[in-house]
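Working notes, structure below.
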Amino acid sequence: MNYFENKNILLIICGGISAYKSLEIIRLLRKSGSHVKTILTKSAKEFVTPLSVSSLSQEKVYDDIFSVENEAEMDHISLSRWADAILVAPITANTISKVASGSAEDLASTVLLASNKQIFLAPAMNVRMWEHPSTKENILKLKNFGYKFIGPEIGDMACGEYGEGKMTEPNEIKNTLKNYFSNIKKNKKFKALVTAGPTNEYIDPVRFITNKSSGKQGYEIAKCLRDNGFDTTLISGTPNIKTLDGVNLVSVETAEEMFKETLNNLPADVAIFSAAVSDFKVKNYNDTKIKKSEKLNLELEKNIDILNHISNHNSLRPKITIGFAAETNDIKKNARTKLNEKNCDWIVANDISDQTIGFGSDLNKISIFYKDKPEENFHKMKKSLVAEEIVKRVIQQIN
Ligand code: CTP
């Protein structure tokens with residue numbers, strides 16, 4: 001199967017000695033059946049000529065954000081829309097720094113800032129530049145934004161030094177893109193469902209009981225599933241998330257609505273229950289606003305456990321059913337109990353005793369508990385990276 005057939009790849013070439021290898025990347029990608037458009041930065045033109053690039057790509061070369069002719073076509077937007085993936089090879093320390101800070105001073109950085117496509121970066125620089133704390137910090141930032149790094153490799157450099165900083169070979173870069181496209185193609189046939197966020201349990205028309213969940217982790221998981229080709233539905237109790245490009249987003253408020261919409265969106269091949277569903281609802285909902293002069297005694301009753309219901313249901317249960325466990329203590333014991341009682345394939349446990357992670361934060365620290373093997377413990381990291389770790393394992397298991 002040729003995963004490159006008719007794929008549009010936007011290649012950005014920055015200034016560096018390894019820019020000459022970008023010509024080979026264009027040749028390989030074209031030979032595999034993809035269309036390649038190219039942006040050259042100002043300094044890239046010191047290393048490769050627009051003529052050699054356009055001869056190989058058989059396309060116009062883009063370089064100037066302020067060109068009268070091109071701006072009529074809104075290049076920075078149209079190029080990003082056109083691309084199925086964007087590759088920056090080589091990317092220099094300077095461009096890494098520009099992209100990490102959100103700069104939009106030339107066509108290359110503007111396209112990267114304006115794009116919602118998957119972006120691959122193949123760095124090439126002197127080993128000391130690569131190891132500089134400022135480059136390291138920028139790289140971490142870009143990884144958290146969802147950029148994927150290819151290399152660099154360890155080896156002899158053009159500057160005469162030896163170390164990490166060599167651009168990955170064109171063939172290897174092509175293989176990374178191939179894996180990306182093949183993943184998307186293979187996963188397209190799989191349906192994924194994610195629950196996220198808190199639920200609101202109404203006391204009267206204006207008051208409800210809720211919890212601190214922001215829904216960020218589930219949102220990141222849905223995004224990551226989408227980026228890997230899954231047909232994704234996100235059932236979200238988070239009020240400020242109303243749309244998510246390429247995801248079927250269903251907004252709900254109460255646990256009952258979340259349950260109903262979950263049923264409506266099954267069957268699925270994989271379901272990830274990250275929502276912080278309220279365990280209780282108000283027994284006697286008041287359909288008019290309760291006045292403070294009234295006496296208020298709240299009587300609560302149990303909500304349905306959505307995960308438990310579905311995972312223990314023979315015909316509803318998705319092939320891969322994953323639960324979450326938000327715990328302040330006895331994480332291992334509680335997670336293992338939930339894994340068994342809720343009949344999950346895995347439980348993703350997160351420690352919510354530390355205020356800097358979990359609820360509301362951009363960071364999370366998780367452990368994944370499996371039925372048939374020992375748990376995996378992860379460091380504290382961005383929720384987007386947690387999502388990648390989870391989805392990577394889902395892809396391994398589903399295939
Ligand atoms: N869950 C659910 N429906 C509920 C309660 C929980 O689907 N009514 C799911 C959550 O989405 C999560 C898992 O069950 O995947 C565990 O949720 P958690 O709140 O950690 O545990 P509970 O089962 O509510 O137990 P406890 O609050 O006693 O820890």
Side-chain angles (χ1 to χ4, degrees), residues 192-202 208-222 225 232-238 241 250-266 268 270-283 300-313 316-318 320-354 357-360 364-371 375 383 386-387 389-391 393-394:
L193 182 147
V194 181
T195 70
T199 62
N200 298 338
E201 306 304 327
Y202 277 87
F208 51 74
I209 300 170
T210 190
N211 60 62
K212 281 176 68 179
S213 168
S214 63
K216 279 183 193 163
Q217 188 59 76
Y219 180 84
E220 291 297 341
I221 293 171
L225 286 162
T232 308
T233 294
L234 172 65
I235 299 173
S236 163
T238 306
I241 299 176
V250 184
S251 293
V252 294
E253 272 206 81
T254 64
E256 261 170 48
E257 285 167 13
M258 188 173 272
F259 178 55
K260 197 175 119 232
E261 289 302 340
T262 302
L263 293 181
N264 280 344
N265 285 283
L266 288 172
V270 49
I272 303 180
F273 294 85
S274 70
V277 187
S278 174
D279 290 327
F280 295 93
K281 63 181 172 193
V282 177
K283 194 165 181 187
L300 302 177
E301 62 182 339
K302 276 251 168 75
N303 257 329
I304 184 151
D305 189 315
I306 306 170
L307 167 61
N308 211 337
H309 179 89
I310 286 159
S311 64
N312 285 300
H313 196 293
L316 288 176
R317 190 186 194 283
I320 302 178
T321 299
I322 301 169
F324 265 68
E327 306 291 345
T328 52
N329 55 294
D330 293 330
I331 296 180
K332 190 168 176 168
K333 186 170 144 260
N334 290 334
R336 288 242 165 250
T337 307
K338 282 180 191 168
L339 182 69
N340 293 327
E341 283 177 0
K342 301 204 184 203
N343 190 29
C344 298
D345 294 283
W346 326 338
I347 281 280
V348 180
N350 51 340
D351 181 354
I352 51 163
S353 63
D354 177 347
I357 52 178
F359 283 149
N364 208 353
K365 185 174 181 310
I366 61 153
S367 300
I368 306 183
F369 292 83
Y370 302 94
K371 269 217 166 113
E375 74 263 20
K383 288 183 173 170
V386 168
E389 293 294 341
I390 294 171
V391 171
R393 284 160 180 76
V394 166

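As the structure lists them, so they are numbered: ligands from 1, and atoms in each ligand from 1. Note that the structure is predicted; figures quoted are calculated from it, not measured.
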Tell me, please: is H309 in heavy-atom contact with ligand 1, that is, under 4.0 Å?
no
If you scan protein heavy atoms around atom 22 (P) of ligand 1, the nearest is K342 NZ, 3.8 Å
NZ (K332) with more than 12 external heavy atoms under 6.0 Å:
no
Answer yes or no: does an N/O atom from A325 fall short of 3.5 Å to an N/O atom of ligand 1?
no
Which of the ligand 1 atoms, numbered from 1, are nearer than 4.0 Å to a heavy atom of G323:
15 (O)
Got a donor-acceptor contact below 3.5 angstrom from the D330 side chain to the K333 backbone?
no
Show which atoms of ligand 1 fall inside a sub-4.0 Å distance from at least one heavy-atom site of A275.
10 (C), 11 (O)
Does ligand 1 have any atom that is closer than 4.0 Å to a heavy atom of I304?
yes
So, regarding D279 and ligand 1 (criterion: nitrogen or oxygen to nitrogen or oxygen, under 3.5 Å), is there a contact or not?
yes
Check for a donor-acceptor pair, side chain of S367 on one end and backbone N or O of A349 on the other, with a separation under 3.5 Å.
no
Please write down residue, atom name and distance for the protein heavy atom closest to atom 2 (C) of ligand 1.
D305 OD1, 3.4 Å
Using a 6.0 Å cut-off, check whether atom CD of E253 has over 12 heavy atoms from anything other than its own residue.
yes
Whether the side chain of T195 engages the backbone of A275 through a donor-acceptor N/O pair (distance < 3.5 Å, no angle test) should be reported.
yes
Measuring to protein heavy atoms, does anything land under 4.0 Å from atom 28 (O) of ligand 1?
no
Which atoms of ligand 1 are found less than 4.0 Å from any heavy atom of F273?
11 (O), 12 (C), 15 (O)
Using distance alone, decide if ligand 1 has a nitrogen or oxygen within less than 3.5 Å of any nitrogen or oxygen in A276.
no
Charged N-O contact under 4.0 Å between E327 and K338:
yes
Give yes or no for whether the N/O distance cutoff of 3.5 Å, strictly under, is met between E327 and ligand 1.
no
Is the closest basic N to carboxylate O distance between E389 and R393 below 4.0 Å?
yes
Return yes if some donor-acceptor pair links the side-chain N/O of S213 with the main-chain N/O of A276 below 3.5 Å, else return no.
no
Please list, in number order, the atoms of ligand 1 under 4.0 Å from a heavy atom of F324.
12 (C), 13 (C), 15 (O), 16 (C), 17 (O), 20 (O)
For atom 7 (O) of ligand 1, grab the closest protein heavy atom and report residue, atom and distance to one decimal in Å.
L307 N, 2.9 Å
Contact between A255 and ligand 1, counting heavy atoms under 4.0 Å?
no
Keeping the roles fixed (side chain from N211, backbone from V277), state whether a donor-acceptor pair exists under 3.5 Å.
no
Is A326 close enough to touch ligand 1? Criterion: a residue heavy atom under 4.0 Å from a ligand atom.
yes
Heavy-atom gap N303 to ligand 1 smaller than 4.0 Å:
no
Say whether, by atom type as modelled, one donor and one acceptor occur between the side chain of T262 and the main chain of M258 under 3.5 angstrom.
yes
Under a 4.0 Å N-O cut-off, is there an ion pair linking R317 with D345?
yes
Provide, to 0.1 Å, the distance between atom 26 (P) of ligand 1 and the closest protein heavy atom, together with that atom's residue and name.
K338 NZ, 4.0 Å
With a 4.0 Å cut-off, strictly under, does atom 17 (O) of ligand 1 pick up any protein heavy atom?
yes
May I ask you to identify the nearest protein heavy atom to atom 4 (C) of ligand 1, giving residue, atom name and distance to one decimal place in Å?
V277 CB, 3.5 Å
Regarding K383 and N350, is there a side-chain donor-to-acceptor distance under 3.5 Å anywhere?
no
Exam field: side chain T199 to backbone S278, donor-acceptor pair closer than 3.5 Å
yes
Nearest protein heavy atom to atom 3 (N) of ligand 1, by residue and atom, and its distance?
I306 N, 3.0 Å
